[in-house]
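Since we're looking at a predicted model, the values are computed, not measured. Throughout, protein chains are lettered first and strands after them, A, B, ... in sequence-line order, and every chain is numbered starting at 1.
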Protein chains: 2
Amino acid sequence: MEKQSITIYDVAKKAGVSMATVSRVVNGNPNVKPGTRKKVMEVIDELDYRPNAVARGLASKKTTTVGVIIPDVTNVYFSSLARGIDDVATMYKYNIILANSDGNEEKEIQVFNTLLAKQVDGIIYMGTHLTEKLREQIKRSKTPVVLAGSIDHKNEFVSVHVDYVKAVKEAVNNLLAHGDKRVAFVSGPLNYPINGEYRLKGYKEALDENGIEFDQDLVFETNDSYRAGETLWPALSAAHADAAFVADDELATGVLNGAVDAGAQIPAEFEMITGNDSKLTQIVRPKLSSITQPLYDIGAVAMRCLTKMMNKEDEDLDKTIELQYGFIKRGSTR
Amino acid sequence: MEKQSITIYDVAKKAGVSMATVSRVVNGNPNVKPGTRKKVMEVIDELDYRPNAVARGLASKKTTTVGVIIPDVTNVYFSSLARGIDDVATMYKYNIILANSDGNEEKEIQVFNTLLAKQVDGIIYMGTHLTEKLREQIKRSKTPVVLAGSIDHKNEFVSVHVDYVKAVKEAVNNLLAHGDKRVAFVSGPLNYPINGEYRLKGYKEALDENGIEFDQDLVFETNDSYRAGETLWPALSAAHADAAFVADDELATGVLNGAVDAGAQIPAEFEMITGNDSKLTQIVRPKLSSITQPLYDIGAVAMRCLTKMMNKEDEDLDKTIELQYGFIKRGSTR
DNA sequence: GTGAAAGCGCTAACAA
DNA sequence: TTGTTAGCGCTTTCAC
């Protein structure tokens with residue numbers, strides 16, 4: 001009697017039809033006479049029958065669940081994407097298995113494999129650097145994978161993001177246009193392609209366009225934490241930086257507060273632009289000017305692409321989907 | 001040939017044993033001769049066999065996945081809990097289906113049911129107010145449910161949280177001890193038990209202890225958003241409040257910035273204490289004094305309880321598990 | 001220590 | 001329009 005749940009068979013018997021018919025009405029198959037349908041529906045209600053998704057998954061080879069690999073839900077940048085993913089997933093009747101990876105290769109591979117074991121219909125990957133090993137496993141798996149807010153520098157997989165090169169270039173140009181001479185580049189690890197290849201490239205291009213020579217001393221590599229930013233001011237100051245582009249918001253709030261707490265006048269003597277336009281930008285004083293990214297949409301679009309791929313409607317799908325970035329001026333720039 | 005994956009049968013055949021034996025080695029059943037085990041392991045490696053968790057779930061009636069109902073992943077308070085949940089889940093070989101509810105009853109019920117349909121082994125619920133309808137469904141379902149960082153004012157389910165009454169009482173006492181005479185109570189909807197019953201009670205008790213009469217005009221009911229807080233200062237000021245306990249951090253940062261932007265001297269002429277001690281408290285200036293809560297641990301402990309319940313080791317489990325709160329003084333109090 | 005076989009609850013041909 | 005019947009890939013008695 002322990003948790004004895006009612007099955008499709010119980011419904012069929014009580015309704016005086018076959019399992020196949022019940023299955024049809026449950027799945028909205030039109031080939032059922034209205035009368036039969038009605039009868040079956042009644043019995044379903046009466047018995048409070050709830051189809052077993054696991055059995056369905058085994059029989060149909062579709063689980064209507066997708067895996068989401070995320071570095072850390074606690075990070076607002078990623079959780080915003082996750083929210084977009086989940087909303088669209090729900091819209092298409094999918095559920096999400098969410099797994100934190102801490103951006104750690106071992107965990108990512110581990111998680112990827114349990115996701116496959118659980119027969120997810122697709123996977124959304126968020127992360128800072130796609131390692132060769134994971135790349136191989138993805139390719140071998142045949143399970144659709146979409147990268148959200150993440151970069152595949154080999155461009156082998158479908159990915160959704162903004163044009164980081166142009167966005168940063170524009171931000172730095174903006175700073176330079178204000179007369180700043182020594183603009184620093186502050187980011188997390190440079191071995192993450194998004195930082196070391198894309199953003200840094202945009203930074204250099206802006207410098208180039210303005211005839212300013214690249215100075216390695218103005219590149220500050222940290223981890224993307226508030227604490228790392230907070231302690232950076234002395235170094236920034238020593239390098240005679242008069243402005244900075246900071247890649248991550250949490251990092252940027254740290255830099256800003258570190259500077260302000262040390263008595264720096266912002267934006268009068270030091271200007272800043274940050275990269276993700278999360279809520280944090282408006283909580284600090286002065287508020288941070290920022291590159292804007294449609295975080296929610298990046299997740300939403302990524303999920304939408306995944307649904308297409310899962311339905312094999314992806315012939316016309318571009319590998320790289322670029323969403324529009326923007327720029328918003330607030331108090332940290334003149 | 002489409003995605004033809006290898007099954008336990010393939011392994012059995014190639015290893016020259018029965019499916020049952022392969023199943024035993026995969027599941028670590030000790031009743032297998034070391035030699036046989038070795039042989040089977042080799043074939044598994046060779047074939048790159050990965051057990052199908054869906055089939056396993058159907059046969060064993062255990063999916064090793066748990067459902068997590070969360071109002072909004074984007075909210076740092078909840079995502080912190082979620083992180084604790086996921087880490088402990090991973091530790092016990094469970095995965096998590098994460099579903100956003102926006103604290104909306106319809107969605108919660110909807111989600112709860114699809115979670116049951118997916119045969120999750122247990123569910124963790126985070127939310128602001130458990131409605132009667134959901135309560136009924138949970139009771140009928142027989143699936144273990146634990147509330148994390150949430151209140152069940154009827155105390156029917158296992159829940160993990162701090163003692164909100166005492167915590168708030170302490171915070172307000174603290175304010176009162178500084179000589180504040182008109183301490184405001186600012187929170188989200190009062191029809192959420194956590195606000196209207198628990199926190200408000202702590203507030204009133206502190207007032208009582210200090211012989212101060214409760215004044216309805218000092219109770220400010222909003223929604224827990226930054227924006228709501230930011231616009232609250234005029235009202236607070238009009239009520240001649242000289243201090244405030246604010247229930248939510250995002251709300252508190254709003255109140256703080258609204259006050260500061262309006263020229264209020266904090267903490268000299270207005271003191272504040274917030275309720276969750278998330279990262280946000282340290283990003284604003286002055287930094288917010290706060291009640292501290294072990295957010296990660298609340299999630300972690302909730303998940304740990306759930307594992308016990310799923311293993312039916314919950315005879316000795318208390319319905320209400322209270323974790324220690326604390327208090328940290330920062331710049332928003334004297 | 002190992003194997004045979006009966007399901008788990010459902011879908012999906014194929015018939016009728 | 002409806003029913004019959006194989007599976008889906010695995011676990012789990014029950015024999016041996």
Nearest to side-chain heavy atoms of B/Leu58, which nucleotide of C/dT11, C/dG9, D/dT2: C/dG9
B/Thr21 side chain near C/dT2 phosphate (N/O to OP1/OP2, under 4.0 Å): no
Donor + acceptor pair across side chains of B/Tyr296, B/Asp87 (<3.5 Å): yes
Polar side-chain atom of A/Asp121 near backbone of A/Thr64 as donor-acceptor pair, under 3.5 Å: yes
Phosphate contact (C/dG3 OP1 or OP2) by B/Ser18 side-chain N/O below 4.0 Å: yes
Among D/dC8, D/dG9, D/dT1, the nucleotide that comes nearest once only the side chain of A/Thr36 is considered: D/dT1
Pair A/Asn75-A/Ser79, side-chain donor/acceptor within less than 3.5 Å: no
Any protein N or O atoms within reach of nucleotides 14-16 of chain C? Criterion: under 3.5 Å, listing atom names and distances.
none

B/Asn31 vs C/dG1: side-chain N/O to OP1/OP2 distance below 4.0 Å: yes
Between A/Arg83 and A/Ser80, a side-chain donor and acceptor under 3.5 Å: no
Presence of A/Asn27 side-chain N/O under 4.0 Å of C/dT11 phosphate oxygens OP1/OP2: yes
N/O (side chain, A/Lys61) to phosphate O (OP1/OP2, D/dG7) under 4.0 Å: no
Among D/dG3, D/dT2, C/dG1, the one nearest A/Lys33 by side-chain distance: D/dT2
Options D/dG3, C/dT11, D/dT12, nucleotide nearest the side-chain atoms of A/Ala20: D/dG3
B/Thr7 side-chain proximity, nearest of C/dT2, C/dG9, D/dC10: D/dC10
Phosphate OP1/OP2 of D/dC10: any B/Tyr49 side-chain N/O under 4.0 Å: yes
Proximity to the side chain of A/Val17 - top-ranked nucleotide from D/dT12, C/dC8, D/dG3: D/dG3
Between A/Arg50 and B/Asn113: side-chain donor-acceptor atoms closer than 3.5 Å: yes
Side-chain N or O of B/Arg56 closer than 4.0 Å to phosphate OP1/OP2 of D/dG9: no
Given DNA chain C, 5'-ward residue of the pair B/Pro30 and B/Ala59, judged by closest heavy atom: B/Pro30
N-O pairing of B/Glu132 and B/Arg135 below 4.0 Å: yes
Whole angstrom value for the distance that separates P of D/dG3 from CD1 of A/Ile8: 12 Å
